[in-house]
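First comes the structure, then the notes that go with it.
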Amino acid sequence: NTFRLRIENRGSEPAQVRIDLDGLAKARVVLPANPVVVAPGSEFAGTFEIAAPPDGPAPGVNHFELRSQALPKGSTQAYKMTFIAPQRKP
């Protein structure tokens with residue numbers, strides 16, 4: 001599953017934001033660099049994927065949280081998400 005990401009740094013120091021997830025068995029965030037580094041007065045706009053192996057999430061609807069964490073201060077935002085996994089083949 002592909003997600004869009006936009007991070008704005010309105011500060012005067014470089015910002016780092018880590019993206020992770022919780023509650024989705026064996027799934028991982030696929031992002032070229034994690035944390036994402038954004039220069040002062042700049043923005044990052046791109047995409048990332050959430051990948052899971054066939055034996056990962058249970059078939060059907062799975063609820064999980066996608067989290068962004070500002071480093072090093074550690075302020076975190078959580079977003080409730082849904083991942084629909086296909087039925088497993090016998």
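These numbers were taken from a predicted model, which means no experiment stands behind them. Keep in mind that the numbers below use all heavy atoms, side chains included, and drop hydrogens, waters and symmetry copies.
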Taking all non-hydrogen atoms of both residues into account, name the closest pair between T47 and T2 and its distance. CB-CG2, 3.9 Å
Below 4.5 Å, heavy atoms only, C-beta onward: do P86 and P59 meet side chain to side chain? no
With heavy-atom distances below 4.5 Å as the criterion, would you say the side chains of N34 and V17 are in contact? no
Qualifying salt bridge (Lys or Arg N to Asp or Glu O under 4.0 Å) pairs, either residue in residues 54-72, two or more places apart: D22-R67, K26-D55, E65-R67, E65-K80
Could you state the interatomic distance from CG (L24) to NE2 (H63), rounded to the nearest 0.5 Å? 11.5 Å
Excluding V61, membership of its hydrophobic cluster (Ile, Leu, Val, Met, Phe, Trp, Tyr; side-chain heavy atoms within less than 4.5 Å) reads I84
Among residues at least two apart in sequence or on other chains, which ones pass side chain to side chain contact (heavy atoms under 4.5 Å, CB included) with P35? Q16, R18, L71
Decide side chain to side chain contact (heavy atoms under 4.5 Å, CB included) for L31 and V36; before the verdict, give the C-alpha distance in whole Å, the side-chain angles of both, and the deciding distance to 0.1 Å. CA-CA 9 Å; L31 191 60; V36 175; 3.6 Å; yes
Using the rule given for side chain to side chain contact (heavy atoms under 4.5 Å, CB included), can you reason through F44 versus E8, listing the C-alpha separation, both sets of side-chain angles and the distance that settles it, and then say yes or no? CA-CA 6 Å; F44 169 86; E8 293 183 17; over 6 Å; no
Do F48 and L66 touch side chain to side chain, with heavy atoms closer than 4.5 Å? yes
Out of curiosity, I19 CD1 to Q69 CD, how far, rounded to the nearest 0.5 Å? 10.0 Å
By salt bridge (Lys or Arg N to Asp or Glu O under 4.0 Å), E43 pairs with (sequence neighbours left out) R6
Under 3.5 Å, is there a donor-acceptor pair between the side chain of N9 and the main chain of I7? no
Show the nearest heavy-atom pair for residues P40 and G11, with the distance to one decimal. CB-O, 3.4 Å
What residues, two or more places apart in sequence or in another chain, satisfy ring-ring contact (aromatic ring centres under 6.0 Å, His included) together with Y79? none
Could you list the residues that satisfy ring-ring contact (aromatic ring centres under 6.0 Å, His included) with F64, not counting sequence neighbours? none
